[in-house]
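Take a look at the structure below.
Index from 1, following the sequence.
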Amino acid sequence: RSFLLKEKRPIVKWGMIPEGTMFKGKVPEGYNLAISPHDPYIILDVDKHGDISGFDSIPENINFQLSQTLKYGTKNDGFHYWLKYTGDKNLMNKASGLGIDLRTSKGYVVWYPKENIEDMMQYISETSPLLNEWLEDLFCQGKMKKL
């Protein structure tokens, strides 16, 4: 589902918007478009804040997998990585404390690309067992396991 944000806040109670409802048309000046993924899609939000860079916490073999999926830059010199989660754990919509957050159907991110999300879904990669293990360590238990 997608909806408008004004000053980083939804202009509607976004949790009440039915799945599959998408904002159509040009985003008005002063607003942003927000997207909440639906299961099994997730968004890995990697940011740089002060001395913390989420990119430093991503193992090299995971970095390669992330390079193969739909991604786009954010305003904080970070990236949103869209993934189709193939694991069977209940991933939590939360921050890791490492500059890496996960957004599930219970969260949302700003959609920065000019393209329509529906046209970009084909570029979202499925997660591998290795990526699932890393995500599950980070967002099921709240701590990162060394891989």
Side-chain angles (χ1 to χ4, degrees), residues 1-10 12-23 27 31-147:
R1 71 190 134 197
S2 64
F3 49 92
L4 293 176
L5 299 175
K6 176 79 170 172
E7 299 175 6
K8 298 184 179 184
R9 300 189 96 118
V12 296
K13 188 168 176 120
W14 74 271
M16 301 300 290
I17 300 171
E19 286 294 334
T21 302
M22 302 298 281
F23 175 83
V27 175
Y31 292 81
N32 290 102
L33 182 63
I35 298 198
S36 175
H38 60 81
D39 295 333
Y41 297 98
I42 58 173
I43 303 163
L44 196 64
D45 181 4
V46 182
D47 287 316
K48 295 179 183 177
H49 294 291
D51 294 342
I52 297 175
S53 172
F55 296 101
D56 295 338
S57 298
I58 302 173
E60 189 58 38
N61 53 356
I62 301 298
N63 238 342
F64 175 76
Q65 291 180 55
L66 294 178
S67 74
Q68 306 299 306
T69 195
L70 173 64
K71 62 190 170 300
Y72 56 87
T74 66
K75 293 198 178 197
N76 292 334
D77 294 323
F79 272 90
H80 288 163
Y81 297 93
W82 287 66
L83 299 160
K84 185 174 182 181
Y85 178 61
T86 61
D88 59 1
K89 303 283 191 289
N90 184 23
L91 297 177
M92 297 168 55
N93 183 75
K94 69 176 210 160
S96 68
L98 301 171
I100 303 172
D101 304 336
L102 188 71
R103 296 296 166 241
T104 66
S105 60
K106 296 188 179 8
Y108 61 86
V109 297
V110 173
W111 176 257
Y112 292 107
K114 298 207 183 301
E115 296 85 1
N116 211 334
I117 180 64
E118 291 97 340
D119 297 333
M120 302 302 290
M121 297 293 287
Q122 63 185 325
Y123 301 109
I124 300 173
S125 299
E126 290 187 346
T127 55
S128 69
L130 182 65
L131 182 51
N132 286 345
E133 182 181 352
W134 184 73
L135 289 167
E136 290 159 3
D137 270 351
L138 202 53
F139 297 106
C140 285
Q141 301 169 357
K143 58 183 181 177
M144 193 159 121
K145 177 181 169 184
K146 301 288 182 203
L147 296 177

CG of Leu102 to CG of Asn93: how many Å apart, nearest 0.5 Å? 6.5 Å
Heavy-atom closest contact (Arg103 atom, Tyr108 atom, distance): CD-O, 3.7 Å
Test item: Ser36 side-chain N/O and Ser105 main-chain N/O as donor-acceptor pair under 3.5 Å: yes
Is it the case that atom OH in Tyr123 sees more than 12 heavy atoms from other parts of the structure closer than 6.0 Å? no
Shortest non-hydrogen contact between Ile52 and Gly97, atoms and distance: CD1-O, 4.4 Å
Is any side-chain heavy atom of Leu44 less than 4.5 Å from a side-chain heavy atom of Trp134? yes
Quick check against the 3.5 Å criterion: does Asn32 have a side-chain atom that pairs as donor or acceptor with the backbone of Leu5? no
Can you tell if the side chain of Tyr41 reaches within under 4.5 Å of the side chain of Ile35, non-hydrogen atoms only? no
Can you give me the closest heavy-atom contact between Trp82 and Pro37, atom names plus distance? CZ3-CB, 4.4 Å
Whether the side chain of Arg1 engages the backbone of Ile17 through a donor-acceptor N/O pair (distance < 3.5 Å, no angle test) should be reported. yes
Closest approach of Tyr72 to Val110 (non-hydrogen atoms, all atoms of both residues): OH-O, 2.8 Å
Minimal heavy-atom distance between Cys140 and Met92, with the atoms involved, is O-SD, 4.0 Å
Where at least one partner belongs to residues 62-82, residue pairs that pass salt bridge (Lys or Arg N to Asp or Glu O under 4.0 Å), sequence neighbours excluded: none
Gap separating the OG1 atom of Thr127 from the CD atom of Gln65, nearest 0.5 angstrom: 8.5 Å
Other residues, nucleotides and ligands only: do more than 12 of their heavy atoms fall within 6.0 Å of CG on Asp51? no
Spacing of CG belonging to Asp101 relative to CG belonging to Leu98, to within rounding of 0.5 Å: 9.5 Å
So do Thr86 and Leu131 actually touch side chain to side chain, heavy atoms under 4.5 Å? no
Could you tell me if the side chain of Leu135 sits less than 4.5 Å from the side chain of Ile62, heavy atoms only? no
Verify the neighbour count for atom CD of Glu118: are there more than 12 heavy atoms of other residues, nucleotides or ligands below 6.0 Å? yes
Are more than 12 heavy atoms, taken from residues, nucleotides or ligands other than Lys6, located less than 6.0 Å from that residue's NZ atom? yes
Atom pair CG (Leu70) and CE (Met121), whose distance is rounded to the nearest 0.5 Å: 8.5 Å
Rounded distance (nearest 0.5 Å) linking atom CG of Leu91 with atom CG of Leu138: 9.5 Å
Are any of the side-chain heavy atoms of Leu33 and Ile117 separated by less than 4.5 Å? no
For the pair Ser2 (side chain) and Ala34 (backbone), establish whether a donor and an acceptor sit closer than 3.5 Å, ignoring hydrogens and angles. no
Value for NE2 (His38) from CD (Glu19), rounded to nearest 0.5 Å, stands at 7.0 Å
Below 30° counts as parallel, above 60° as perpendicular, anything between as tilted: where do the rings of Trp14 and Phe3 land? parallel
